[in-house]
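Just so we're clear, the structure is a prediction, and the values are computed from it rather than from any experiment. Only this structure's heavy atoms are used, side chains among them; waters, hydrogens and symmetry mates stay out.
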Amino acid sequence: GGTESHDFVVTNTGAAPLSLEMGSTSCKCTLSDAAISDLAPGESTTVTLTWVAKVNAGPFRQTANVLTNDPRHPRLVLSVEGQVTDVTGMKPREFLVGKVNAADTVEASVYLGSYEDTPIAVTAAMSNNTRNPDLYQVSVVPIEAAESPLEGATSAVRIDLVAGPGLPLGGLTEWVEIETNLEGAAKVLAPVVGAVEGDISLHGRGWNRELGV
């Protein structure tokens with residue numbers, strides 16, 4: 001959703017006037033000074049490409065054609081390439097504790113990073129409707145962006161979860177509420193997913209594995 005721009009400088013290195021005209025574009029592009037339709041030898045002007053990130057996160061490419069009266073270069077193709085990113089990224093997307101015995105303690109972590117210039121600041125805690133909240137501990141560990149698996153992140157933290165012992169049997173689905181200092185990502189939710197089993201496993205008709213009943 002952000003808007004960015006880039007300036008290209010065109011210089012007439014020939015011995016005759018150079019005429020410039022904006023051709024087809026895939027973005028919002030303008031000659032910075034419309035009054036300069038002809039550049040004298042040695043004169044320069046700027047072509048500004050402006051684009052809006054309307055696509056999902058991933059690679060993008062925008063182009064603009066500048067038409068000239070130079071028979072050797074009748075068209076200049078200007079392009080900008082880059083990555084559309086989210087304000088933040090989280091990997092993995094959940095605290096996956098897997099299969100755990102009710103008597104054991106299990107640990108899981110997620111990495112949360114910022115793609116903006118502002119260093120990310122985070123607080124995290126279990127949601128208010130968590131069952132047995134005293135069985136969970138959540139901590140935030142500042143790390144270098146390079147230590148995280150988030151490619152392109154400018155800053156990052158690791159959020160650690162410790163759960164158990166004594167978790168109730170059955171499917172485990174709780175939520176960690178994460179608050180950040182970043183506009184557009186003030187609150188992020190990360191699920192805690194797993195299955196808690198006892199020393200005896202039951203199988204057969206009528207047994208609900210997810211609920212443990």
Path from [X] to [Y] over hydrophobic side-chain contacts below 4.5 Å:
X: Ile120; Y: Leu150; answer: no
X: Leu112; Y: Val193; answer: no
X: Val122; Y: Phe95; answer: yes
X: Met22; Y: Leu76; answer: yes
X: Tyr115; Y: Val157; answer: no

Where the side chain of [X] meets the backbone of [Y], is there a donor-acceptor pair that is under 3.5 Å apart?
X: Asn181; Y: Ala121; answer: yes
X: Thr68; Y: Leu20; answer: no
X: Thr63; Y: Ser79; answer: no
X: Asp7; Y: Thr46; answer: no

Q.
Checking Val10 against Val47 for the side chain to side chain contact (heavy atoms under 4.5 Å, CB included) test, could you report, in this order, the C-alpha distance in whole Å, the side-chain angles of both residues, the deciding distance, and whether it holds?
A. CA-CA 7 Å; Val10 180; Val47 179; 4.1 Å; yes
Do the side chains of [Y] and [X] get nearer than 4.5 Å, heavy atoms only?
X: Trp175; Y: Asn129; result: no
X: Val80; Y: Gln62; result: yes
X: Val138; Y: Asp160; result: no
X: Pro74; Y: Leu67; result: no
X: Leu189; Y: Val176; result: no
X: Glu179; Y: Val188; result: no
X: Asn132; Y: Pro168; result: yes
X: Asn65; Y: Thr25; result: no

Q. Considering residues, nucleotides and ligands other than Asp117, do more than 12 of their heavy atoms fall under 6.0 Å from its CG?
A.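 Check fails, neighbour count at 12 or below.
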Q | Residues, nucleotides or ligands: over 12 heavy atoms within 6.0 Å of Glu151 CD | A | no
Q: Just jot down the side chain to side chain contact (heavy atoms under 4.5 Å, CB included) partners of Tyr136, sequence neighbours excluded, or say none.
A: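 Only Met126, Thr130, Leu161, Ala163, Leu167, Leu172, Glu174 meet the side chain to side chain contact (heavy atoms under 4.5 Å, CB included) criterion with Tyr136.
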How close do [X] and [Y] get, counting heavy atoms only, and between which atoms?
X: Val110; Y: Pro92; result: CG1-O, 3.6 Å
X: Gly166; Y: Leu135; result: O-CD1, 3.3 Å
X: Ser19; Y: Asp38; result: CB-OD1, 3.2 Å
X: Ala145; Y: Ser148; result: O-OG, 2.9 Å
X: Ala103; Y: Pro165; result: O-CB, 3.3 Å
X: Ala124; Y: Ile159; result: CB-CG2, 4.1 Å

Kindly compute the distance separating [atom1] ([X]) from [atom2] ([Y]), expressed to the nearest 0.5 Å.
X: Met90; Y: Ile178; atom1: CE; atom2: CD1; result: 5.5 Å
X: Glu177; Y: Asn128; atom1: CD; atom2: CG; result: 6.0 Å
X: Leu182; Y: Ser155; atom1: CG; atom2: OG; result: 7.0 Å
X: Ser44; Y: Asn12; atom1: OG; atom2: CG; result: 8.5 Å
X: Gln137; Y: Asp134; atom1: CD; atom2: CG; result: 10.0 Å

Q | Check against side chain to side chain contact (heavy atoms under 4.5 Å, CB included), Glu197 and Asn101 | A | CA-CA 5 Å; Glu197 298 182 344; Asn101 190 285; 5.6 Å; no
Q) Any side-chain donor paired with an acceptor under 3.5 Å for Thr50 and Ser5? A)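 Not at all, the side chains of Thr50 and Ser5 share no donor-acceptor pair under 3.5 Å.
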Q | Qualifying salt bridge (charged side-chain N to carboxylate O under 4.0 Å, His left out) pairs with a residue from residues 57-82, counting only residues at least two apart or across chains | A |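 Applying salt bridge (charged side-chain N to carboxylate O under 4.0 Å, His left out) to every pair that reaches into residues 57-82, excluding sequence neighbours, yields Arg61-Glu81, Asp70-Arg72.
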Q: Would you list the pairs meeting ring-ring contact (aromatic ring centres under 6.0 Å, His included) in which at least one residue belongs to residues 7-26, sequence neighbours left out?
A: His6-Phe8
